[in-house]
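Lettering follows sequence order; numbering is per chain, from 1.
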Amino acid sequence: MNRAAPDPKQNMGKPEPRLEGRLKVTGEARYASDMPVNNPAFAFLITSPVAKGQITAIDLADAKAVPGVLDIFTHENTGDLKHLKYDPQGGGGSTSIQDFGPKIQHDGQIIGMVVADTYEAAREAAYKAKFEIATEKPSAGFHSEGVKEASPKKSEPKAGDAEKAFDDAAVKFEGWYGTPTQHHNPIELFTTTVAWNNDELTVYEPSQFMYGLKNSLASKVGVKPEKVRAISHFVGGAFGSKAQLTPRTGLVALAAKRLNRPVKLVATRDQGFTIATYRAETQHKIRIGAQRDGKITSFQHQGWELTSRPDAYAVGGVEDSARLYSFGAVKTDVKNVHADRNTPGFMRSPPVVPYIYALESAMDELAYQLKMDPVELRRVNDGMKDATGKEWSSRSLMQCYDEAAAAFGWSKRNAEPGSMRDGDWLIGWGCASAVYPTHMGPAAARVQFSADGQARVQIAAHEIGTGILTVVGQIAAERLGIPVENVRVEVGDSVLPPAPVAGGSTQTASCCSVVAKACDAINARLNANGGTPAPAPRETVGTGTGRNHEETFARLGVATLEEYAEQVPKEVKPNPVMGLVVDPMKKLYSGSSMLGGGSHAEKLMYALGAEFVEVRVHRLTREIRVPRIVGAFAAGRIMNTRTARSQYMGGMIWGISSALHEATEIDPRYARYTNDNLADYIIPVNADIQQLEVILVPEKDDLVNPVGVKGIGELANVGTAAAVANAVFHATGVRVRELPIRLEKLLTA
Amino acid sequence: MSEQNQGWSRRNFLTSTAASTMSVALLDRAAGAAPADEPKADPRSPVSLSLNVNGSTRRVALDARTTLLDALREHIGLTGSKKGCDHGQCGACTVMVDGKRVLSCLTLAAAAQGREVTTIEGLASADGTLHPMQQAFIDHDAFQCGYCTPGQIMSAVACVKEGHANSESEIREYMSGNLCRCACYPNIVDAITGAKPKMKEA
Ligand code: FES
Ligand code: FES
């Protein structure tokens with residue numbers, strides 16, 4: 001049996017294997033740093049060894065004496081680069097800290113770059129460049145002296161009088177929770193290659209937003225966007241880290257221009273911790289008031305999020321925690337804490353990973369206080385409206401709970417902490433909800449359909465591992481009534497029509513909707529000329545059986561029909577900015593992404609799930625293992641059960657990682673990351689993962705978008721950490737409220 | 001190895017992988033040691049090397065500090081082997097040297113002279129038929145972004161050949177030097193389990 005290819009249930013597409021599978025298993029898939037360029041020079045970054053200070057002198061004599069060195073770039077000779085607007089929404093700059101000195105504003109800030117004939121020479125010279133720095137004492141994090149608290153402009157849902165409802169409640173719960181700094185650490189490093197041809201440049205860089213990269217780089221180097229071509233056919237993992245322009249890209253472009261030669265940069269793993277973004281640490285205060293039957297009358301959620309000095313980056317997950325259940329009254333608040341750190345950014349499920357961890361841990365604590373089964377507590381508070389009265393477009397949370405609980409065997413649980421054992425191992429079972437807003441962005445696509453039944457789809461989407469090539473191929477095959485093998489899909493190039501940022505789990509919904517629209521336009525032309533109508537859209541995707549159009553094409557006197565389509569989701573409204581109406585499609589072409597949906601749409605649009613985890617904690621050593629995990633998820637139409645299951649699987653393992661493994665450690669004295677490598681930044685290895693089961697729960701929701709798809713790439717790592725933490729409590733009676741849960745935190749008990 | 005030891009053995013595994021790589025480098029130096037009185041060459045000046053990669057001979061002149069990984073990627077044009085850390089911590093650069101899995105980022109190109117190097121590009125048959133492990137990775141969806149995949153597949157083939165694919169837990173243990181951030185681990189285990197009998201037939 002092949003677990004990787006689940007049989008499609010209702011409203012699910014076939015488990016087609018990935019279209020690019022062969023390229024990926026043969027080493028032929030070309031990622032950005034694999035793209036051949038003519039006679040490249042090699043770059044090596046120099047990064048600051050201190051978090052705060054001022055460069056007072058630079059001595060490059062020894063560095064320049066290294067044979068093969070072509071030039072060295074520092075703040076003294078890079079003034080040509082323009083300042084790019086910081087854009088926390090994706091697209092623009094990843095940070096306001098774009099200068100390479102003399103002011104140093106965070107550890108590992110880029111302060112120089114050597115370019116040489118060989119990588120080895122560039123690296124040697126980088127270590128020989130001397131920078132004198134007048135250092136100042138930095139503030140590292142929440143508890144450091146000198147940090148500044150401020151209110152980011154984030155929506156803070158409020159309904160009813162939550163404080164009074166709390167005071168009046170029969171059962172009250174209050175708790176603090178904390179989540180650590182995390183880094184995306186895709187296995188592909190941050191690479192950039194730039195080649196100029198007269199006044200035009202091509203940039204090869206792994207990207208989650210081709211049009212953002214193209215337009216931002218154009219602004220950075222001061223050329224017209226049409227002079228820039230961005231290429232990123234395959235991305236070796238991104239998880240949010242490759243959606244904005246980081247300072248390295250302009251620097252490489254400038255060097256390539258000055259040297260009149262292609263320049264290739266492959267930043268090192270440790271540099272990756274400071275030259276891009278990360279998930280900032282958060283703290284949460286939760287207050288819940290409930291009736292004795294479990295009905296929650298008051299929910300209050302305050303969040304604090306760390307950020308850099310200049311940038312107010314906040315994820316503000318109260319927007320989602322406040323909606324998850326039918327609370328009686330709600331009060332929320334989000335604060336930024338500014339420190340001497342690099343600017344954080346999106347990391348897989350940015351708002352919900354920390355905020356839902358806090359909520360779902362609190363739900364478990366409340367269940368114990370009420371002596372109630374945690375699944376039943378969710379059921380009591382399940383409902384089709386949130387506290388503000390807004391309705392859900394579809395909501396299958398309890399179906400997910402029921403299916404996952406049955407598969408897990410939850411009914412055999414003895415709720416008493418420490419009551420389930422197997423020899424020296426304490427067994428704990430825990431559960432939590434997963435939730436992710438359904439977003440969609442404007443998108444455009446071009447489709448060609450030929451008389452021989454072959455189709456070609458062009459869209460500047462991003463193959464970051466989600467399977468976008470395959471599902472786009474499937475939707476085209478379905479609409480045109482041809483087998484998926486007949487569809488060629490081209491993505492990852494800014495000469496193609498734009499797709500929205502591959503963030504916020506928007507890609508499948510946005511790209512499939514617009515490709516379907518282009519295909520329908522082709523069908524309309526064929527039908528108008530006596531073609532056989534395409535088969536009606538099916539419940540299952542990608543079962544096209546072939547359609548003969550040769551006669552119709554002959555009648556039309558063409559060999560190929562081509563249609564270009566644009567689609568702006570109804571949730572994305574043209575914005576009146578300073579009296580002007582900004583067309584979302586124009587904005588997309590100029591490199592900014594506008595997403596709609598989630599809690600901002602007419603109805604609440606979310607994908608939901610439930611996860612059940614077993615942990616085993618050793619009685620003496622407190623070693624923690626996760627022998628099994630079951631997750632059930634409902635997310636509207638599933639395009640491909642194979643790629644969907646894989647994304648859920650990866651997400652669940654990310655959740656286990658959040659719970660038990662990963663955290664970036666910060667030296668509080670120097671505001672520096674101390675475990676900036678893959679041996680010390682712990683992520684799960686193969687041996688950490690044992691039984692894992694994904695259940696796809698059928699759901700239909702025609703309101704969310706034309707294809708009825710909810711995004712799934714960021715759903716399954718939400719709530720997992722709470723499920724693990726809840727299981728650890730069940731096993732040991734110890735409630736750990738600061739992630740990750742490492743064995744030393746259980747030894748104190 | 002029992003489950004409770006795995007946190008420790010993960011470290012062990014990485015160390016032992018690195019150690020086996022180093023032994024290749026040391027062995028080679030011993031074999032080709034220069035006489036003591038020869039003046040010390042500048043390590044930066046190019047060394048002429050002839051490398052046997054996927055059955056064909058490649059002549060290159062390289063800075064002596066060039067790793068096998070950079071030689072393959074930047075000088076020979078075989079970009080299938082990936083750089084994920086350059087420090088022996090991720091396994092993305094795994095290739096075979098004389099039939100054994102080796103981290104090419106921790107191997108100097110010069111140390112690979114006179115040895116048979118096999119990369120992901122050399123795994124399929126000349127007629128394009130995929131190696132059973134490559135096909136199994138597709139069938140079991142054992143990758144998402146695909147960046148760790150060349151290293152995973154090279155390691156997986158070696159894992160079977162070494163006789164370390166006798167149970168799911170043994171496979172997990174012997175594949176733990178290859179990180180996958182997309183976290184396709186259960187599918188990788190299924191792919192190896194599925195490919196193993198077919199590798200015997202082939
Ligand atoms: S690149 Fe060699 S182990 Fe990571
Ligand atoms: S498939 Fe992406 S890192 Fe393994």
Is there a side-chain contact between B/Arg44 and A/Thr118 (heavy atoms, below 4.5 Å)? no

Could you tell me if the side chain of A/Thr268 sits less than 4.5 Å from the side chain of B/His87, heavy atoms only? no

Counting only heavy atoms closer than 4.5 Å, note whether B/Gln152 contacts chain A via side chain, backbone, both or neither. neither

At their closest point, which heavy atom of B/Cys145 faces which heavy atom of A/Gly236, and how far apart are they? SG-C, 3.4 Å

Bottom line for A/Ala29: the part with an atom under 4.5 Å from chain B's heavy atoms is backbone

I'd like to know if the side chain of B/Gln144 reaches the main chain of A/Thr466, judged simply by a donor and an acceptor atom lying under 3.5 Å from each other, with no hydrogens or angles considered. no

Would you say A/Thr26 and B/Leu123 make side-chain contact, with heavy atoms under 4.5 Å? no

Counting only heavy atoms closer than 4.5 Å, note whether A/Pro36 contacts chain B via side chain, backbone, both or neither. neither

Got a salt bridge between A/Arg3 and B/Asp190, using NZ or NE/NH1/NH2 to carboxylate O under 4.0 Å? yes

Distance, nearest 0.5 Å, that separates CD1 of B/Ile138 from CZ of A/Arg18: 11.0 Å

Atom of A/Tyr31, atom of B/Tyr147 and distance for their closest heavy-atom approach: OH-N, 3.5 Å

Heavy-atom proximity to chain B below 4.5 Å, by part of A/Glu28: neither

With distance as the sole test, does A/Glu120 use its side chain to make a donor-acceptor pair with the main-chain N or O of B/Asp63 at under 3.5 Å? no

Donor-acceptor pair, B/Ser176 side chain versus A/Ala687 backbone, under 3.5 Å? yes

Does this structure show an ion pair linking A/Asp688 with B/Arg172, if we count only N-O contacts that are shorter than 4.0 Å? no

Please classify the contact between A/Thr621 and chain B as side chain, backbone, both or neither, with a heavy-atom cut-off of under 4.5 Å. neither

Which answer fits A/Asn677, side chain, backbone, both or neither, if we ask what part of it has an atom under 4.5 Å from a heavy atom of chain B? both

Which atoms of B/Glu168 approach chain A - backbone, side chain, both or neither, heavy atom under 4.5 Å: side chain

A/Arg616 versus chain B, heavy atoms under 4.5 Å apart: side chain, backbone, both or neither? neither

At a heavy-atom separation under 4.5 Å, does B/Arg73 approach chain A through its side chain, its backbone, both, or neither? side chain

Are the side chains of B/Asn187 and A/Ser646 in touch, meaning some heavy atoms are under 4.5 Å apart? yes

Minimum side-chain heavy-atom gap B/Lys82-A/Ile187 below 4.5 Å: no

Do the non-hydrogen side-chain atoms of B/Phe137 and A/Lys24 ever get within less than 4.5 Å of each other? no

Closest-packed option against chain A by number of heavy-atom pairs under 4.5 Å, given B/Gly80, B/Ala183, B/Cys184, B/Ser45: B/Ala183

Min side-chain heavy-atom separation A/Phe239-B/Arg181 under 4.5 Å: yes

Among B/Ser81, B/Cys182, B/Cys180, which has the most heavy-atom pairs under 4.5 Å with chain A? B/Cys182

Taking the six-membered ring of A/Phe190 as reference, does the cationic atom of B/Lys83 (NZ for Lys, CZ for Arg) lie under 6.0 Å from its centre and within 45° of its axis? no

Side chains of B/Leu179 and A/Leu678, heavy atoms from C-beta outward: is any pair under 4.5 Å? yes

At a 4.5 Å cut-off on heavy atoms, which part of B/Asp141 comes close to chain A: side chain, backbone, both, or neither? both

Hey, could you give me the SG/CD distance between B/Cys90 and A/Glu188, rounded to the nearest 0.5 Å? 12.0 Å

If I take atom OH from residue A/Tyr119 and atom OG1 from residue B/Thr66, how far apart are they, to the nearest 0.5 angstrom? 11.0 Å

Got more than 12 heavy atoms from elsewhere within 6.0 Å of CD, A/Glu693? yes

At a heavy-atom distance under 4.5 Å, which candidate from B/Gly122, B/Ala92, B/Gly146 has the highest pair count against chain A? B/Gly146

Chain A: which of B/Leu78, B/Asp139, B/Thr149 shares the most heavy-atom pairs with it under 4.5 Å? B/Asp139

Shortest non-hydrogen separation from B/Pro186 to A/Leu692 and the atoms involved: CG-CB, 4.4 Å

Most contacts with chain A, counted as non-hydrogen pairs under 4.5 angstrom, among B/Asp70, B/Thr119, B/Ile120, B/Thr67: B/Ile120

Which heavy atom of B/Tyr185 sits nearest to which heavy atom of A/Ile689, and what is that distance? CD1-CG1, 4.1 Å

Of all of A/Arg645, A/Glu124, A/Glu20, which one pairs up most often with chain B through heavy atoms under 4.5 Å apart? A/Glu124

Could you tell me which of A/Pro15, A/Gly272, A/Pro67, A/Pro627 has the largest number of non-hydrogen atom pairs under 4.5 Å with chain B? A/Pro67

Name the option with the most non-hydrogen atom pairs under 4.5 Å to chain B; the candidates are A/Arg123, A/Lys264, A/Met35. A/Lys264

